[in-house]
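Input: a single structure, listed below in structure tokens.
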Amino acid sequence: MGSQVVQTLRQGVWASLTGGWYHDPDQNKFNNSCHLYLWIFLLMLPLSLHLALPPTAMALSIYCTSITVFFILIKVANYRLHLMFDDGEAVVRSSLSDLSKAPEKKSNASDSCLPASISMMAIYLCFCIFALAVFILQSMCTCKCLSFYQNTMTSSKSDLEAKEGQIPNESNFLEFVSLLGSLSTRAAGANTQEEGTLECKQEAGTAEEGEAQQGLSLCLHLLYQHVFQDLHFQKRNIKYLTEEDSLDESSETSTQEKPSRKIYYKLKLFPGKWINILYDRLTLLALLDRNQDVLENLVAVFMAFLVAFLGFVLLNHGCFKDFWVFQFCLVIASCQYSLLKSVQPDAASPTHGHNQLVAYSRAAYFCIFCALIWILEQLLRLSDLPVSTLYGVTIVCHDALRFTYCFPITFLVGLFPQINTFVIYLLEQIDMHLFGGTAATSLNSAVYSILRSLIALSLLYGFCFGALKEPWDEQHTPALFSGFCGLLVVFSYHLSRQSSDPSTLINSHQAALIQCGLLILAVFSLSCALQKEILLSDVVVCSVAYILTFAITASTVFLSLKPFVTIVLYALAGTVGFVTHYLIPQLRKHHPWLWISHPVLKTKEYHQFEPREDAVLMWFERLYVGLLCFEKYVVYPAIVLSALTNDGFALSHRKKLGIHCDVLLTTVAGLKLLRSSFCNPSFQFLTLLFTLVFFHFDCPRASESFLLDFFIMSIVFHKLLLKLHFILVYIAPWQIAWGSAFHAFAQPFAVPHSAMLLLQTLLTTVFYTPLDVAKLLSTFLSLSLFDTVSSDCSLSHHPSPAGCDDNNLNSIFYEYLTRSLQHSLCGDLMLGRWGNYSSGDCFILASDYLNALVHLIEIGNGLVTFQLRGLEFRGTYCQQREVEAITEGVEEDDACCCCEPGHLPHMLSCNAAFNLRWLAWEVMATKYLLEGYSISENNAATMLQVYDLRKLLITYYLKSIIYYLIQSPKLSTWLKDATIHEALQSYTKWHHIERDPQVFSVKIDEDYVHCLQGVTRASFCNVYLEWIQYCRVDCDEDSPLVTLSYALSVLGRRSLGTASHNMSNSLESFLYGFNTLFKGDFRIATKDEWVFSDLDLLQKVVAPAVRMSLKLHQDHFTCLEETEEASILYEAITNYRSSLVICHESDPAWRKAVLSSRDTLLTLRHMIDDGTDEYKIIMLYKRHLSFKVIKINKECVRGLWAGQQQELVFLRNRNPERGSIQNSKQALRNMVNSSCDQPLGYPMYVSPLTTSYAGTHRTLRGIGGGALSLDAIRSWICSKWLRLVHCLLVQSVVESVFSFFLPQMQTLLKIYFSVFCLINITCMMYVEFSLVYVQKTVQN
């Protein structure tokens, strides 16, 4: 534990503060020394230049040039060395490690190669680095120490050329540095003399010259001591170790007689010239990070130059003073050092191992912030800058971006994600909060979304600018403004109907470019029929919407009836929103208002145990859809158009922020509000009411305009509530499980932690990041919670051996569940079956064995993009406790505080209502129906425990072989095949006996003859001839068909015995062999090689017979008498052959059958549970599954996932029983954390991003009639016209019939009435006479 803490502090904390530098005791001294010197050089170079030179362009150019050349040298050397390891030639040498003799060998060699050890490479690298340092120091002191260097270093270029072939070592290194200093001094002196600048010579004094000389001498002396002495020590160690190894290898020979093997790599310098490098790739990777290609190297060099340029520009401008200069230079050094040796793993890295993107993150963030600071500093120096305030906040403030001081701390706590995630996050937030976008699923999606929004904004901006440029009166609305409003509605509606993923809209493989003048139009074929349907519908709807909007805005109804129209619209929006998004969802919840024990508005399936049909459409669902469409397409567009008209009229007369700014804000606000209303108006009525209350009653002076107020409030509202709810639920004292005395001791110390969490809640709300500030790790984006690292997520399984884990096999059920949701999710959401929803919400679908987290990523107008994460069937103990918390009911709870007084009818008890309010999740529905598979399993060992049951299975096996043989279309070919006839001659004899005791046994074979100790043709015919004759009438005992059937029966049983390792009497061996045959793995004995004449005998006869026998054996327990009759058995096999899919789960046919929605499937599964082999007979029945829909606080999911990333990746916690995944019923912590992407979680299945459309929901199409298109309109008109014509024809026919038969009908009615009256009179007289007679009789 202590070593892990030290490693985390060294490689995590300290490396994050320094940009990647730390002392690694596992590496050699050379690597650690190079890392230290590199970091000191990058730190001291800008600090020295800033302090020594005036803030001019010369100092900036010196620094940028030095850094660029420095990085080019290092990147080129690193790239060449990696190419050498990839493609270079390895040379094996045998020597005594006397590397100083290498130059002598080189002069005598014919290939002109120069061997060099690691010491020589170290000398070269240090020589390049410190020669560059001397050059930089010389450039710094050119003006002050020019005469001194010219007098002391008098070497010439010829002296350096004379030493061209020498290698710098301990003896001549100082001479090389002196020569380099002399040349650089003379070059600087020549430039200075040509320019005529002699001021530096006059300012230089003897004291300063001495200090410069002493400083340079000190640097060279330290270099000599710490580099060459250390390298000499390493050389002696290498020599000593080599000799020791050679002595260990052979004790009979001396060190000089036993050479050691060394592997060199040839590093080509020039054609025909190379040097041999004694080095390895792992040491080089520990020294410097690898860049894979030339582009990455160029990007790294450019980023280093950009960091140097922007950082030194800010230093020259005086943005930093005193100690903050050093702090800023430290930040520069950390950003540049990360380009050479980055922090691995970084706090923002979502994956284990080396993450190449992290290396560019620091430099990219530094460049972004420094560029913003520089731009704002330049803007503040302008005299005509229109500095204005919005809601009391200054728009331009240069002090707000001095965030670069805290760069080491922010990267340590993971405040900044990796740069690609940040770009997606930034573009997504801009598109969502400014333009009303939905979400971004990848970098391409984010760029596509922001581009289409900008294109729409640019087109709308021109119309709005032309309309507001000149003032207009209330009686006449400009046609340009009406056209702007029409286009705004059209663009908003069309953009809300499209997905943010461009791959769902266009098919790049069928692109056709049509050139028209200067414009190139791309015409793409749509990816599916639904997209075509949506586009055709948009053409009709947008045309109608444009005409209506143009007419309404041109009529000046919003201006002439200004106060009354707005009041009516606000009241209508509040009323419809309250009923649609609050009253109806609350009445449909499992516990309305968390007080009522059952839903008030119940579906028909609520009281059904196992629904067998689709969910029935209820009246309140029709009402919900109608109110939602009325609110979405009528109310909010009218409110936005009214606000646009009123604000446009005001802005045409008085410009607040300038014409361009006013037009831009008006266009952006209108586009955002309309798109948000079309996509998901669930919370629009709350935002509208809060805007009206806040800006009319609370802060009326802060109001700008209603359109802008509504726009701003839609961004900031509803962001803080979910975080506060999650925090209060998570830190509530009564939620803690008091498992030990430590909990009681630690609880008082959690009070400051709780206060810190509340503060973190406020901060994370501002940045809209995951909850804990120490865990602000954008594993997933702000609303979509999606990271590009996991964007290509397809199937996610546990890597386990085949047959040892059933998670890989069960994942197919989650894949089928994803297909079902793709057809029904969008429609069910629009019918209100999941309650209120928004982008980023997370739901859990829980059933008997399926538990999946459904994440809504993108909510559009008629589309929903989601991702499903399936959890394990047999989860951990913690998962089972949380599943129990979901499924258990609280209706029977009668407690109130410490007593049990009961509760009111149809109401919850006080304790139950209190506990439900302190949960981060809520049950939205209990009977949500989805099409899926019901799984039933039986233990095969139990069904085959008795020998008689195994004998029955073998009997069904042989009968199935006979059935498939007779039903095969190739039967006549097999019966006429001469090769098969010749191989089966022995089977035609009646006295032929199969006596293999390892295969045939009286216990499992029905045709076994005990006295003969085997199976004969006669015994076979005695048992199976009747079945053969029933399957084929024209067959006798001596026919070739019986012979072939007998041979195949022997082959099938012998294959089973071989697969069972000739131990068929053992149950485990029998099950193992039968499972082997069920998978299709047949081991054919030598006697049965005749079957290879046609493999269809195995694949089409024996293999399906094995699988069919398992189903027949299973049916034996349900209908024993029926399976004994040949006719019933024959009919059962025929039906199962067409309706039932029987195969192994590893067979591609199994997956195809499940995804094709076959009704019934059967398989045999082998599992290992606690070291014991288990064989399960799995039966699947397609039916409607009932799920519980549980909505989880999305801030809870984001916070827990972010915490897992920091704990697992950055803090390297490998404890499988860590506290962060223990069960927490109030937050479902284990289920949420286990559903995260690997390596953070362990889901059984992670679906790709799937888009569900409203057009695929059959019930919803029945309400609205499907998408609106020209064909639909034409068919509707034709149907109505035909119906009208039919009604007219029927009416005319009826009238003509009545007009013809009416006189006769009148006569008949008169006669009928007369007869009816006469009969009634007669009956009454008879009754009266009868009563009189009875009375007289009684009196007598």
Does [X] reach the main-chain N or O of [Y] with its side chain, forming a donor-acceptor pair under 3.5 Å?
X	Y	answer
Lys1191	Asn836	yes
Asn1233	Asn1230	no
Ser1234	Met1231	yes
Tyr814	Leu871	yes
Ser676	Lys672	yes
Ser449	Ala446	no

Query raised in the report: Would Glu858 and Ser499 satisfy side-chain contact (heavy atoms from CB on, under 4.5 Å), going step by step from the backbone distance to the final call?
Result: CA-CA 8 Å; Glu858 180 184 7; Ser499 174; 3.4 Å; yes
Quick check: do [X] and [Y] have side-chain heavy atoms less than 4.5 Å from each other?
X	Y	result
Leu535	His494	yes
Thr438	Ser839	no
Ile1190	Phe843	no
Arg290	Glu296	no
Trp1201	Asp1237	no
Phe678	Lys632	yes
Leu454	Phe435	yes
Ile857	Thr441	yes

How far does [atom1] of [X] sit from [atom2] of [Y], to the nearest 0.5 angstrom?
X	Y	atom1	atom2	result
Leu306	Cys367	CG	SG	4.0 Å
Leu825	Met830	CG	CE	12.0 Å
Leu674	Ser496	CG	OG	9.5 Å
Arg819	Leu868	CZ	CG	12.5 Å
Leu856	Gln867	CG	CD	11.5 Å
Leu665	Ile712	CG	CD1	8.0 Å

**Report entry** Partner of Phe422 by ring pair (Phe, Tyr, Trp, His ring centres under 6.0 Å), out of Tyr360, Tyr365, Phe369
**Finding:** Tyr365
Query raised in the report: Between Tyr928 and Phe1187, does a ring-ring contact (aromatic ring centres under 6.0 Å, His included) hold up when you go through it step by step?
Result: CA-CA 5 Å; Tyr928 177 67; Phe1187 289 90; 7.2 Å; no
**Report entry** side-chain contact (heavy atoms from CB on, under 4.5 Å) assessment of Ile844 paired with Val854
**Finding:** CA-CA 6 Å; Ile844 285 182; Val854 179; over 6 Å; no
Requested in this report: Mind running side-chain contact (heavy atoms from CB on, under 4.5 Å) on Leu340 and Lys75 for me, showing each step along the way?
Outcome: CA-CA 8 Å; Leu340 298 175; Lys75 291 297 180 181; 4.0 Å; yes
Under a 3.5 Å cutoff, is there a donor and acceptor pairing between the side chains of [X] and [Y]?
X	Y	value
Asn680	Ser682	yes
Tyr1242	Ser1235	no
Thr1251	Thr865	yes
Arg1261	Thr1256	no
Asp289	Ser342	yes

Query - Steps toward side-chain hydrogen bond (donor to acceptor under 3.5 Å, both in side chains) verdict (Gln822, Ser1252) - result: CA-CA 5 Å; Gln822 185 178 13; Ser1252 174; over 6 Å; no
Can you name the nearest heavy-atom pair linking [X] to [Y], along with the distance?
X	Y	value
Ser361	Ile419	OG-N, 3.2 Å
Ala439	Ser500	O-OG, 2.8 Å
Pro1243	Cys1236	CD-O, 3.1 Å
Pro681	Leu628	CG-CD1, 3.9 Å
His855	Cys842	CD2-SG, 3.8 Å
Phe366	Cys335	CB-SG, 3.6 Å

Query raised in the report: Please walk me through it: do Leu1200 and Arg1229 pass side-chain contact (heavy atoms from CB on, under 4.5 Å)?
Result: CA-CA 7 Å; Leu1200 292 177; Arg1229 180 171 56 191; 4.2 Å; yes
Report task. Evaluate the side-chain hydrogen bond (donor to acceptor under 3.5 Å, both in side chains) criterion for residues Glu931 and Tyr816: first the C-alpha distance (whole Å), next the side-chain angles of each, then the deciding distance (0.1 Å), finally the verdict. Result -> CA-CA 9 Å; Glu931 193 178 74; Tyr816 185 81; 3.0 Å; yes
